[in-house]
J.: 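Would you mind keeping the following structure in view while I ask a few things?
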Amino acid sequence: VSELVVHVDVPEQSYDVVVGTGLLELAGHRLREVSTARRVALITDSEVASLFGVRVSVALTGAGFDVVDISVPAGESSKSWPVAGSLLEELAKAGLGRTDLVVALGGGVVGDLAGFVAATYMRGIAFAQLPTTLLAMVDSSVGGKTGVDLQAGKNLAGAFKQPRLVLADTSTLTSLPGGEWRSGLAEVAKSAVIDGEEFLGWLEEHADDLTSREPSMVAEAVRRCVRFKSHVVSRDEKEEGPRECLNYGHTLGHAIEKVTGYGTVPHGAAVAEGMRFAARVAMATGAADADFVKRQDRLLSRLGLEPLDLRLQPALLLEAMRGDKKAREGAIRMVLPDAPGVWHCGPVDAAVIRAHLTAWSSTKEGER
Ligand SMILES: NC(=O)c1ccc[n+]([C@@H]2O[C@H](COP(=O)([O-])OP(=O)(O)OC[C@H]3O[C@@H](n4cnc5c(N)ncnc54)[C@H](O)[C@@H]3O)[C@@H](O)[C@H]2O)c1
């Protein structure tokens with residue numbers, strides 16, 4: 001697989017996302033090109049540490065960095081205020097200075113956590129990402145959002161922090177469990193539908209290559225997603241406006257995760273269900289046509305994202321959707337697809353949503 005590079009242009013920090021294989025081994029050398037740091041805090045999780053920790057640590061040391069290895073327990077619970085606080089203390093104890101560097105090695109949890117630590121330590125030191133999950137490569141490592149969860153909810157404390165460099169080594173993805181793989185694929189599908197016909201057509205053509213993790217097609221999917229997200233983000237770095245499209249499928253998706261208890265329904269499965277739902281709401285409110293809804297259904301199923309057979313109370317889902325961050329003055333707002341590449345975000349009448357939720361929760365799998 002040859003190397004693919006996407007240049008992300010945001011006002012405060014432009015950077016490259018490099019997609020390819022063998023990048024972990026080259027990490028020291030590549031980071032040297034963008035950093036004069038003496039010390040590097042290499043932040044990872046327990047799972048990723050055992051898979052790739054030594055390899056990256058050796059690569060960084062080989063490029064003259066003094067490496068401070070830090071590992072947190074794998075899982076969303078590490079993306080917390082107390083863990084961020086203890087990492088900040090560790091950085092101080094290790095003597096990291098203003099010109100030093102924080103490197104995140106892992107999935108979105110580690111990326112969000114380490115990015116937040118880099119954004120706050122000494123009011124901000126340099127940061128780089130080595131994403132090792134498909135979701136982190138196609139979504140969370142691009143765009144500069146970092147943060148931790150609070151008791152009151154996910155991602156409630158954070159900062160915008162752009163990385164100096166992102167190295168997406170796709171050879172790390174072979175060990176990713178199936179559920180995590182599909183979570184990434186849901187974001188790929190979201191990106192393709194919102195980006196437009198060209199990407200969507202490509203994804204339909206290569207859906208089987210992606211479920212079988214064919215290396216060159218995986219790299220191409222990552223490149224397309226990064227390019228898509230970087231276009232969106234460079235037009236709207238700090239949220240609102242065009243960036244809202246990234247929430248496609250997430251209004252109901254998050255509600256499903258919340259109502260069933262986080263971790264019960266995989267994130268990707270919830271987002272895919274949210275996309276199916278949003279397309280149906282879009283059809284009912286006049287924008288999307290039946291062919292589009294069917295086309296998206298077929299694509300999601302081919303990617304292994306089958307319809308969920310969950311009987312959830314519409315009232316609970318509706319309440320959870322009202323708590324969505326896009327909601328304004330109690331009105332639920334959703335990203336609705338009119339057609340591939342054409343979307344709008346606006347308030348949707350609660351009665352319309354309730355009617356759809358009721359139909360959705362009483363329909364068996366396969367009937368939709
Ligand atoms: N900042 C953003 O813009 C943004 C966007 C989307 C999601 N997120 C955040 O990302 C997080 C989810 O990220 P995630 O799905 O990557 O989860 P994750 O970081 O928890 O990784 C999932 C699991 O896979 C393991 N893992 C990682 N790489 C592996 C590999 N190569 N082989 C085998 N196992 C591996 C991890 O140890 C973990 O157990 C959430 O907290 C979410 O809020 C952030």
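Nothing here was measured: the structure is a model prediction, and the numbers come from that model. As the structure lists them, so they are numbered: ligands from 1, and atoms in each ligand from 1.
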J.: Around atom 28 (N) of ligand 1, find the nearest protein heavy atom and jot down its residue, atom name and distance.
T.: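 Result for atom 28 (N) of ligand 1: Thr132 OG1, 2.8 Å.
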
J.: Out of Asp169, Asp112, Thr172, Thr170, who gets a non-hydrogen atom closest to atom 44 (C) of ligand 1?
T.: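 It is Asp112 that holds the nearest heavy atom.
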
J.: At what distance is the nearest protein heavy atom to atom 32 (N) of ligand 1, and which residue and atom is it?
T.: Ser175 OG, 2.7 Å

J.: Knowing that exactly one of Glu76, Glu257, His254 qualifies, which makes a side chain to side chain donor-acceptor pair (under 3.5 Å) with Lys154?
T.: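 Single pass found, and it is Glu76.
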
J.: Taking atom 14 (P) of ligand 1 as the point of reference, which of Gly108, Gly179, Ser171 owns the nearest heavy atom?
T.: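 It is Gly108 that holds the nearest heavy atom.
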
J.: Please compare Gly158, Pro177, Ala74, Ala104 and report which has the shortest non-hydrogen distance to atom 34 (N) of ligand 1.
T.: Pro177

J.: For ligand 1, is there an N or O atom under 3.5 Å from any N or O atom of Asp139?
T.: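 Min N/O separation from ligand 1 is not below 3.5 Å for Asp139.
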
J.: Salt-bridged, Glu187 to Lys190, with N to O below 4.0 Å?
T.: yes

J.: Between Asp9 and Ser14, is there a side-chain donor-acceptor contact under 3.5 Å, judged purely by atom types and distance?
T.: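 Side-chain D/A pair, Ser14 to Asp9: present.
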
J.: For the pair Glu3 and Arg30, find out whether any cationic side-chain nitrogen is under 4.0 Å from an anionic carboxylate oxygen.
T.: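 A salt bridge links Glu3 with Arg30.
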
J.: Would you mind checking which non-hydrogen protein atom is closest to atom 25 (C) of ligand 1, with the distance to 0.1 Å?
T.: Glu47 CG, 4.2 Å

J.: Against heavy atoms of Gly107, which atoms of ligand 1 measure under 4.0 Å?
T.: 16 (O), 19 (O)

J.: Is it the side chain (CB and beyond), the backbone, both or neither of Leu51 that lies under 4.0 Å from ligand 1, heavy atoms counted?
T.: side chain

J.: So which protein heavy atom does atom 36 (C) of ligand 1 come closest to, and at what separation?
T.: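 Ranking protein heavy atoms by distance from atom 36 (C) of ligand 1, first comes Asp45 OD2, 3.4 Å.
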
J.: Taking only heavy atoms of Glu180 into account, list the atoms of ligand 1 that are under 4.0 Å away from them.
T.: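 Counting from 1, the qualifying ligand atoms are 15 (O), 22 (C), 23 (C).
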
J.: Out of all atoms in ligand 1, which are within 4.0 Å of some heavy atom of Phe52? Include the element for each.
T.: 31 (N)

J.: For atom 29 (C) of ligand 1, which candidate among Leu176, Leu135, Leu246 holds the nearest heavy atom?
T.: Leu176

J.: Polar contacts were defined as any N/O atom of the residue lying under 3.5 Å from an N/O atom of the ligand; does this apply to Val109 and ligand 1?
T.: yes

J.: Of the backbone atoms (N, CA, C, O) and the side-chain heavy atoms from C-beta on, which set of Lys154 has a member under 4.0 Å from an atom of ligand 1: side chain, backbone, both, or neither?
T.: side chain

J.: Should you measure from each heavy atom of Asn155, which atoms of ligand 1 turn up under 4.0 Å away?
T.: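 Numbered from 1, ligand 1 contributes 43 (O).
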
J.: What protein heavy atom is closest to atom 40 (C) of ligand 1, reported as residue, atom name and distance in Å?
T.: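 Protein heavy atom at minimum distance: Glu76 OE1, 3.3 Å.
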
J.: With the threshold set at 4.0 Å, does a side-chain nitrogen-carboxylate oxygen contact exist between Asp100 and Arg38?
T.: no

J.: Looking only at protein heavy atoms, which one is nearest to atom 21 (O) of ligand 1, and what is the separation?
T.: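 In this structure, atom 21 (O) of ligand 1 has Thr133 CG2, 3.7 Å as its nearest protein heavy atom.
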
J.: How does Lys229 reach ligand 1, if at all, at less than 4.0 Å between non-hydrogen atoms: by side chain, backbone, both, or neither?
T.: side chain

J.: Tell me whether Arg182 contacts the main-chain N or O of Pro266 through its side chain, where contact means a donor paired with an acceptor under 3.5 Å.
T.: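 A pair under 3.5 Å: no.
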
J.: For ligand 1, which atoms, with element, lie under 4.0 Å from some heavy atom of Lys79?
T.: 9 (C), 40 (C), 41 (O), 42 (C), 43 (O)

J.: Heavy atoms only: give me the nearest Ala84-Phe116 pair and the separation to one decimal.
T.: CB-CD2, 4.0 Å

J.: Can a salt bridge be assigned to the pair Glu89 and Lys93 using a cut-off of 4.0 Å between side-chain N and carboxylate O?
T.: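 The answer is no: the pair does not qualify as a salt bridge.
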
